[in-house]
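In what follows, every chain begins at residue 1, and chains take the letters A, B, ... in the order their sequences are listed.
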Number of protein chains: 2
Amino acid sequence: MARKNLAIGDLAKATSTKVETIRYYERISLLPAPERTAGNYRSYSAVHLGRLSFIRRARDLGFSIDQVRDLLGLSDQRDRPCEAVDAIAREHLTEVKRKIRDLQALRRELDSFLSQCSRGTVAECQIIEALSPSATLRGHPHSRD
Amino acid sequence: MARKNLAIGDLAKATSTKVETIRYYERISLLPAPERTAGNYRSYSAVHLGRLSFIRRARDLGFSIDQVRDLLGLSDQRDRPCEAVDAIAREHLTEVKRKIRDLQALRRELDSFLSQCSRGTVAECQIIEALSPSATLRGHPHSRD
DNA sequence: TATGCACCCTGTAGCAACTACAGGGTCAAG
DNA sequence: CTTGACCCTGTAGTTGCTACAGGGTGCATA
């Protein structure tokens with residue numbers, strides 16, 4: 001009673017995934033290999049659709065492939081306590097928070113560089129100046145060659 | 001009057017860069033190839049030290065290798081207007097802001113998942129539920145196999 | 001002088017997570 | 001029966017390094 005099987009292109013469209021990515025997921029055993037048609041085409045069932053949707057969603061949320069693999073494994077063990085799931089999500093959240101902090105620090109630095117730009121020549125450019133090593137400790141390199 | 005030339009390991013220490021990374025930068029023509037000693041060791045001058053420090057700082061600020069290449073090229077054209085420098089920094093800032101926004105959205109989602117975790121079994125896990133495709137549109141997969 | 005040992009050399013392969021071919025085969029429409 | 005859209009496998013490219021393997025160099029010490 002397999003209702004409607006999907007070719008790889010259909011699955012790709014249904015999940016906004018590239019065909020190559022689906023084959024890649026199969027190669028790394030993230031998505032199980034589907035049946036094949038007489039012409040050797042992959043033929044996906046609703047189970048695959050569900051599984052790939054799960055993967056995509058988790059990937060969109062920034063979980064690594066390994067984390068997704070763990071989450072998938074856990075999601076199949078429905079009677080186990082969900083502490084492990086919680087732990088993965090929590091670990092990921094910590095990572096995300098760290099990245100946000102780092103990027104915000106970065107933004108402040110870039111903001112400050114840009115606000116100081118006097119639109120003169122490169123020689124006076126505060127951005128280049130800021131990137132240059134210990135600007136006050138040396139003369140301008142190549143200043144008179 | 002070359003004051004003090006550095007072996008690759010010294011340069012690595014001075015810039016908190018791995019030796020392999022320095023050789024990699026040379027291979028991709030980001031850092032110019034230095035002189036060699038009689039024994040074929042790389043011998044770096046203060047110019048290299050300055051250039052690598054610039055590269056590291058820019059990389060720490062999240063500029064891509066190509067952006068760093070552009071910034072380096074511009075920093076050598078000291079009499080040109082610094083608009084191009086400004087443009088690179090501005091473009092990068094836009095990217096950084098976008099990443100921050102994305103990550104904050106992500107954090108909100110993860111926060112909400114975690115706050116709903118009832119510490120029951122995987123079957124009731126809100127995190128898994130949230131990742132699962134259109135949860136209301138289907139029964140539990142594998143629910144009775 | 002021999003012998004460690006730390007350092008250096010080249011070249012290549014690996015990491016994540018895809019993406020993009022090349023060089024074919026399949027299938028339905030016209 | 002040909003055209004075109006799709007599919008197949010396999011391999012190489014992407015970014016920015018990092019990690020070997022299998023050697024050579026240079027200096028101190030026994």
Which whole-number value in Å describes the distance from [X] [atom1] to [N] [atom2]?
X	N	atom1	atom2	value
B:Ile22	C:dC7	CD1	C1'	14 Å
B:Ile28	D:dG13	CD1	C1'	16 Å
B:Asp66	D:dC17	CG	P	12 Å
A:Lys13	D:dA5	NZ	P	12 Å
B:Glu35	C:dC9	CD	P	14 Å

Hey, does the side chain of B:Thr15 reach the backbone of B:Leu11 with a donor-acceptor pair shorter than 3.5 angstrom? yes
Around B:Glu83, counting heavy atoms of other residues, nucleotides and ligands shown, do more than 12 lie under 6.0 Å from its CD? no
Taking atom CZ of A:Arg98 as the centre, report whether more than 12 heavy atoms of other residues, nucleotides or ligands fall under 6.0 Å from it. yes
Measuring from atom OG of A:Ser132 to atom CD1 of A:Ile128, what distance do you get when rounded to the nearest 0.5 angstrom?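 So the OG of A:Ser132 and the CD1 of A:Ile128 are separated by 6.5 Å.
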Does the pair [X]/[Y] count as a salt bridge with the N-to-O cut at 4.0 Å?
X	Y	value
A:Arg27	A:Glu20	no
A:Arg42	A:Glu35	no
A:Arg51	A:Asp76	yes
A:Asp60	A:Arg57	no

If you pin A:Arg42 and B:Phe63 to their nearest nucleotides in DNA chain D, which one's is more 5'? A:Arg42
Which nucleotide wins on minimum distance to the side chain of B:Ala7, given the candidates C:dT10, C:dC8, D:dG16?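 Of the candidates, C:dC8 comes closest.
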What is the bend of the helix from C:dT1-D:dA30 to C:dG30-D:dC1 when you compare the axis at one end with the axis at the other, using five pairs each and rounding to 10°? 30°
Per-nucleotide protein contact along nucleotides 18-29 of chain C, 5' to 3', at a 4.0 Å heavy-atom cut-off (B base, S sugar-phosphate only, - neither), is BBB----BBS--
